[in-house]
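Everything below concerns the one structure shown next.
Just so we're on the same page: letters track the sequence lines, and every chain starts at 1. For the numbers below, each heavy atom of this structure counts, side chains included, while hydrogens, waters and symmetry mates do not.
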Protein chains: 2
Amino acid sequence: MPHRDTSIETIQQEMTAFARRARASAARMHPELSLVSYTLLAHLDDQHGCRATDLAAHYLLDKSTVSRQIAALEKLGFVERRVDPDDQRVQVLHPTKKGAEVLANVTASRRQAFHERLADWDGGDLDRFAMYLQRYNAAQDRLD
Amino acid sequence: MPHRDTSIETIQQEMTAFARRARASAARMHPELSLVSYTLLAHLDDQHGCRATDLAAHYLLDKSTVSRQIAALEKLGFVERRVDPDDQRVQVLHPTKKGAEVLANVTASRRQAFHERLADWDGGDLDRFAMYLQRYNAAQDRLD
DNA sequence: AATCGATGGTTGTATTTAGCAACTCGTGTG
DNA sequence: CACACGAGTTGCTAAATACAACCATCGATT
């Protein structure tokens, strides 16, 4: 088996192992915000608001799923809806002040965890690893 | 913000993005074997059999979850139980012939998908990416 | 202007995955 | 022997998700 295949095998195994744990471990770390809620809220934050449909498209989730997740986030007081005056159908979603704060906390603590995990990596390796992941995910975007 | 932090931020984002999708995309590709079942079956296969408790410990799953997953796999005829003659409490789990075949098929098709995604990567990059992932997951093992 | 198809969103229903708690049954140790 | 422990199962619950049916609004066409 060529070396190339061995590498691909490893990548497959490790990505799978990672995926299996990520959700559970995220839930353990941040009971207040599941991986999905976190992701949605983060997207709203850095897009400065967007529509539910956009979230669904971007994350390949059913619109009903997004609708319920957003409803939950709204109930928690983390997002608010602003009806678009130009089109009464659309609700532009924004994180509330409270939502932005919680998001910032979770982000900080996730960042902390990542920093610990990556503490002994040198800068060049971090840089390359980051690049590879971006490249990998971008490829998946195109194929999925 | 030092470059190091930017890399870590990217790694965090990309790993999260990946995790979010992996399950759904695995389910779409292989409706016959969820990501968890696949993982459990694969573990049985390469350990040449093990106990339910070992699976639970290894994958940080509740023993009830493993029990039900195994029951499902057994119902499908993919695993069989062999009671340990030295300790009647333990059941050593093994993939059946059929289970091993299905596993091989799914593995092959997953490998195919990975090959497509990584088709335009050069050997050095694949190698480094694989190493980084192993290193990252090993670190997570220690901390989790 | 009335209508109709497309778009944004919600709700009903079902499935899957998971955890926790309570249980059974066998094992081994005081 | 009694009792604690370990392996596994089962009852119950909750969360996340998909699919389908639905409602409201918009925009284009007649």
Side-chain angles (χ1 to χ4, degrees), chain A residues 16 19-41 44 49-76 79-94 144, chain B residues 16 19-41 44 49-76 79-94 144:
Chain A
T16 306
R20 208 187 334 94
R21 297 195 205 152
R23 225 172 261 249
S25 122
R28 265 195 306 278
M29 276 198 293
H30 308 290
E32 77 279 20
L33 213 54
S34 78
L35 189 58
V36 174
S37 319
Y38 170 76
T39 307
L40 297 183
L41 194 51
L44 291 187
C50 76
R51 304 174 309 162
T53 300
D54 300 333
L55 293 174
H58 194 259
Y59 295 117
L60 304 176
L61 292 169
D62 192 80
K63 58 186 181 160
S64 66
T65 302
V66 174
S67 171
R68 285 184 236 266
Q69 291 282 347
I70 293 298
L73 287 173
E74 191 188 20
K75 200 165 187 178
L76 291 169
V79 303
E80 63 182 19
R81 308 164 188 257
R82 301 183 195 155
V83 174
D84 182 343
D86 294 352
D87 183 341
Q88 301 281 119
R89 286 171 308 179
V90 330
Q91 308 172 357
V92 182
L93 306 169
H94 293 270
D144 235 20
Chain B
T16 305
R20 210 184 335 93
R21 296 193 204 159
R23 225 173 261 248
S25 121
R28 266 195 304 276
M29 275 198 295
H30 308 290
E32 77 278 22
L33 214 53
S34 77
L35 190 58
V36 174
S37 319
Y38 171 77
T39 307
L40 297 182
L41 194 52
L44 292 185
C50 76
R51 303 175 310 163
T53 300
D54 300 334
L55 293 174
H58 195 260
Y59 295 117
L60 303 177
L61 291 169
D62 192 81
K63 58 188 180 160
S64 67
T65 301
V66 173
S67 172
R68 285 183 237 266
Q69 291 282 345
I70 295 298
L73 287 173
E74 190 188 21
K75 199 164 187 180
L76 291 168
V79 305
E80 64 184 19
R81 309 164 189 256
R82 299 180 197 158
V83 173
D84 182 344
D86 294 351
D87 183 341
Q88 302 282 118
R89 286 172 307 179
V90 331
Q91 307 171 0
V92 182
L93 307 168
H94 293 271
D144 233 20

Q | Length of the CG-P vector between A:Leu33 and D:dA15, whole Å | A | 14 Å

Q. Looking at A:Gly49 and A:Val92, what are the two nearest heavy atoms and their distance?
A. C-CG1, 4.2 Å

Q) Over how many whole Å does the gap from B:Gln88 atom CD to D:dG6 atom C1' extend? A) 15 Å

(Q) My understanding is that only residues two or more places apart in sequence, or in another chain, count here; which of them pass ring pair (Phe, Tyr, Trp, His ring centres under 6.0 Å) with A:Tyr59? (A) A:His43

Q: Could you check how far CG of A:Leu60 sits from P of D:dC19, rounded to whole Å?
A: 12 Å

(Q) In whole Å, I'd like the distance from the OH atom of B:Tyr59 to the C1' atom of C:dA18. (A) 17 Å

Q) Listed by chain and number, what are the salt bridge (Lys or Arg N to Asp or Glu O under 4.0 Å) partners of B:Asp87, not counting sequence neighbours? A) B:Arg89

Q: Starting from P on D:dT10, measure out to NZ on B:Lys75 and report it in whole angstrom.
A: 11 Å

Q) Taking only residues two or more places apart in sequence, or in another chain, which ones meet B:Ser37 in a side chain to side chain contact (heavy atoms under 4.5 Å, CB included)? A) B:Leu33, B:Ser34, B:Gln69, B:Leu73

Q | Between C:dT7 (C1') and A:Asp86 (CG): distance, integer Å | A | 16 Å

Q: Write down the distance between CG (A:Leu61) and P (D:dA16), rounded to a whole number of angstrom.
A: 11 Å

Q | Residues in salt bridge (Lys or Arg N to Asp or Glu O under 4.0 Å) contact with A:Arg82, at least two apart in sequence or another chain | A | A:Glu80

Q.
Can you build the contact string for nucleotides 8-14 of chain C? Use B for base contact, S for sugar-phosphate-only contact, and - for no protein heavy atom under 4.0 Å.
A. SBBBBB-

Q | Contacts of A:Arg81 that satisfy salt bridge (Lys or Arg N to Asp or Glu O under 4.0 Å) - sequence neighbours left out | A | A:Glu74

(Q) Taking 4.0 Å as the cut-off, does a side-chain nitrogen or oxygen of A:Gln69 come that near to OP1 or OP2 on D:dA15? (A) no

Q | Whole-Å gap separating C1' (C:dT16) and CG (B:Leu73) | A | 14 Å

